[in-house]
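I have placed the structure first, in the form of C-alpha cells, so that the comments after it can refer back to it.
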Protein chains: 2
Amino acid sequence: MPATHTMARKTKTEALETRNQILDAAEKVFGERGVARTSLHEIAEGAGLTRGAVYWHFADKYDLLSALWERCLLPLEAAFAAIDAEHVEDALTRIRAKVRGVADRIVHDPRTRNMMGIFLLRCEMVDEIAASRQRIVGDRDDCLQQMAAEFRSAVAAGQLRKDLDADAAAIELHGIIDGLCYHWLLEPSRFDFEQRVAACTDAWLIGQGADPLAGRRRVTRPTRSAAAQMAKKAARRASVR
Amino acid sequence: MPATHTMARKTKTEALETRNQILDAAEKVFGERGVARTSLHEIAEGAGLTRGAVYWHFADKYDLLSALWERCLLPLEAAFAAIDAEHVEDALTRIRAKVRGVADRIVHDPRTRNMMGIFLLRCEMVDEIAASRQRIVGDRDDCLQQMAAEFRSAVAAGQLRKDLDADAAAIELHGIIDGLCYHWLLEPSRFDFEQRVAACTDAWLIGQGADPLAGRRRVTRPTRSAAAQMAKKAARRASVR
DNA sequence: TTGCAAACATACATCCGTGTATGTATCCAT
DNA sequence: ATGGATACATACACGGATGTATGTTTGCAA
C-alpha cells in the first residue's frame with residue numbers, strides 16, 4: 001500500500017512525513033492505552049514502521065512525548081496570538097475570548113483534545129518525563145504570566161475590582177479550565193464542555209467585579225463566533241499534517 | 001528489627017497490620033514513582049516483606065490501587081457527614097464548609113494529599129484500572145448528586161439565583177476544586193491551596209447570586225475554624241493506622 | 001561515478017516484571 | 001495433640017520491552 005515498502009533513505013520531506021506518522025501513531029496509542037503501557041513496538045506498528053525508525057527520530061518514549069507536546073502547543077499559541085490581534089479593544093474581552101478559544105479547540109480539534117487527554121489522564125507526572133514536565137510547567141508559567149498581565153490591564157481599565165490579585169486570578173482561571181477539562185475528558189457525554197467553561201468563568205468573573213451584562217452584550221454572540229472561526233482557521237492551518 | 005522476621009501465620013490482627021503496611025508502602029512508592037513504573041517487588045520491599053505477602057493480600061497492582069482509594073475515601077465521607085451534622089442551618093453554609101473541609105484535608109492530611117496526587121498525577125486512567133476507575137467515577141457521581149441536592153436547597157432558600165442549574169453547578173464546583181488541586185500538587189509552593197480554593201469558590205458563588213457579605217459574616221471566621229476542627233478530628237480518628 | 005551519510009529494517013543481548021506453584025511455619029479448632 | 005487452614009517466603013517459568021549493534025538501501029554532493 002505505501003509507495004515504498006522496504007526501502008531506505010527517503011528524501012528529507014519524506015523523512016519528515018514518517019516522523020509525523022510516528023507522532024500520529026504515538027498520539028493515538030498513548031491516548032488509548034496510556035503512556036507507560038505502550039511500547040515503542042506498538043507505536044512503530046501503528047505507523048506501519050519498525051522500532052528502528054522510531055529510535056532514529058527520537059531518543060526514547062519520553063522524547064517522543066515532548067515532541068508531541070510541542071506539536072500541540074505551537075498552534076495553540078498561534079490561536080492565542082490571533083485572539084490578541086483580533087480583540088485589541090479591552091482586556092476583559094480578550095480574557096473571555098481566550099477562554100472560549102481554548103475550550104473550542106479542546107472540543108473541536110482532535111489533536112488538541114487527544115493531547116489534553118494524554119497529559120491530564122494518560123500520563124504519570126514522574127521523574128522519567130522530567131524533560132517534558134519541565135517544558136510543560138514552563139509553558140504553563142508563561143501562560144500564567146500572560147493571563148496575569150491581562151488581569152492587570154482589566155483592573156486598570158476598571159473592568160474588575162480594584163483589589164484583585166492578578167497572579168492569583170490567573171491561577172484560579174487556569175484551575176477552572178483544567179479542572180472542567182479533566183472531568184469532561186473522563187466522561188465527555190456528561191456535560192457540554194464549552195458551555196460549562198463559558199458559564200463558569202463568567203460567574204467567576206462576576207465575582208471578581210465584572211459587569212454581569214458585559215458577557216451577554218459584547219462577547220457571547222459576536223466575539224464568540226469570531227474567536228471560534230479564528231481558532232478553527234488556526235487549527236486548519238496547523239493540521240496540514 | 002521487626003518482632004517476627006522469618007515467621008508465618010500471624011494472628012488475624014497481625015495480618016491486618018501487614019496489610020496496612022503494604023498499603024502504606026504502596027501509597028509511598030506510587031506517589032514517588034507513579035503507579036505504572038512501580039513493581040510489586042518495590043512495594044513489598046518498602047513494607048519489609050516479599051511479593052508473596054502482596055499477592056496473598058491483593059490480586060494484583062490494580063486491586064491494591066482500589067484498596068488505597070477505599071482507604072482514603074472512607075474518612076473523607078465521614079468528614080462530609082460530620083459537616084452535614086454540624087451545619088444544619090442552611091445549604092450555602094454547608095457548601096462552603098464542605099469545600100473548605102476538603103481543602104483542609106488535602107493540605108493537612110498526608111494520606112489524603114498523597115492519594116489525590118496519585119490519582120490526579122501519578123496514575124493513568126486506562127482500561128487496566130477499570131475496576132478502580134469504575135469506583136472512582138461512581139463515587140464522583142455520588143458526590144455530584146449530593147452537591148446538586150445542596151444547590152437545589154440553596155436555590156429554594158433564596159440563597160442563589162432562581163434559574164441556577166444545580167447539576168451544572170455541582171460539576172463546575174467539582175471542576176474548580178480538582179483543577180486547583182491539580183495545579184497545586186504540580187507546584188505546591190506556588191500558591192496557598194486553601195486560600196485560593198476558598199477565594200475562587202466564593203467569587204464563583206457570588207456569580208451564582210450568593211450574597212457577597214455572607215461569606216465574610218457567617219462562614220469565613222467562625223464556621224471555617226469549626227469545619228477545620230471537625231475535619232482534623234475525623235482525620236485523627238481515621239489515622240488510627 | 002563514486003562515496004558518504006541519511007533513513008530506515010533487522011538481529012541480538014539483557015533485564016525486569018508478572019503470575020503461579022510450591023514450601024513452611026505458625027495459629028486455631030476439635 | 002493434631003490436622004487443616006492461614007500467612008507468608010521462595011522458586012520457577014514465561015513473555016515482553018529496552019537499547020544497541022549491525023545490515024541495507026538510497027539520495028545527494030563532490
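A, B, ... follow the sequence lines: proteins, then strands. Residue 1 opens every chain.
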Whether A:Asp127 and B:Arg33 form a salt bridge (side-chain N of Lys/Arg under 4.0 Å from carboxylate O of Asp/Glu) is what I want to check.
no

Could you tell me how far apart B:Phe58 (CZ) and D:dC8 (C1') are, to the nearest whole angstrom?
14 Å

Can you check the B:His41 NE2 to D:dA9 P distance for me, whole Å?
12 Å

Which one, D:dA7, D:dT10, C:dG19, comes nearest to the side chain of B:Thr50?
D:dT10

Length of the line joining A:Lys12:NZ and C:dA7:P, which is rounded to integer Å
5 Å

In terms of side-chain heavy atoms of A:Leu49, which of D:dA17, C:dC8, D:dA7 is nearest?
C:dC8

Rounded distance (Å) that lies between atom P of C:dT20 and atom CH2 of B:Trp56:
16 Å

At less than 4.0 Å, is any side-chain N or O atom of A:Thr11 found next to OP1 or OP2 of D:dC28? Yes or no.
yes

If you only use heavy atoms from C-beta on, which nucleotide in C:dA11, C:dT18, C:dA9 is closest to the side chain of B:Arg51?
C:dT18

Is B:Thr18 close enough to D:dC8 that one of its side-chain N or O atoms is under 4.0 Å from OP1 or OP2 there?
yes

Do B:Glu27 and B:Arg71 touch side chain to side chain, with heavy atoms closer than 4.5 Å?
yes

Flag the pair B:Arg100 and B:Glu194 as a salt bridge only when some basic side-chain nitrogen lies within less than 4.0 angstrom of an acidic carboxylate oxygen.
no

Whether A:Lys61 and A:Glu128 form a salt bridge (side-chain N of Lys/Arg under 4.0 Å from carboxylate O of Asp/Glu) is what I want to check.
no

What integer distance in Å separates A:Asp60:CG from D:dA17:P?
16 Å

Expressed in angstrom and rounded to an integer, what is the separation of B:Leu40 atom CG from C:dC16 atom P?
16 Å

Could you tell me the separation between the CG atom of B:Leu64 and the C1' atom of C:dT18, rounded to a whole number of Å?
14 Å

So, does B:Tyr55 get its side chain near the phosphate of C:dG19, meaning an N or O under 4.0 Å from OP1 or OP2?
yes

For B:His57 and D:dC8, is the shortest distance between a side-chain N/O and OP1 or OP2 below 4.0 Å?
yes

Please examine the side chains of B:His108 and B:Arg113, heavy atoms only from C-beta on, and report whether any two atoms are closer than 4.5 Å.
no

Selection from D:dA17, C:dC8, C:dC28 that lies nearest to any side-chain heavy atom of A:Ser39:
D:dA17

Between A:Glu17 (CD) and C:dA6 (P), how many Å, whole number?
20 Å

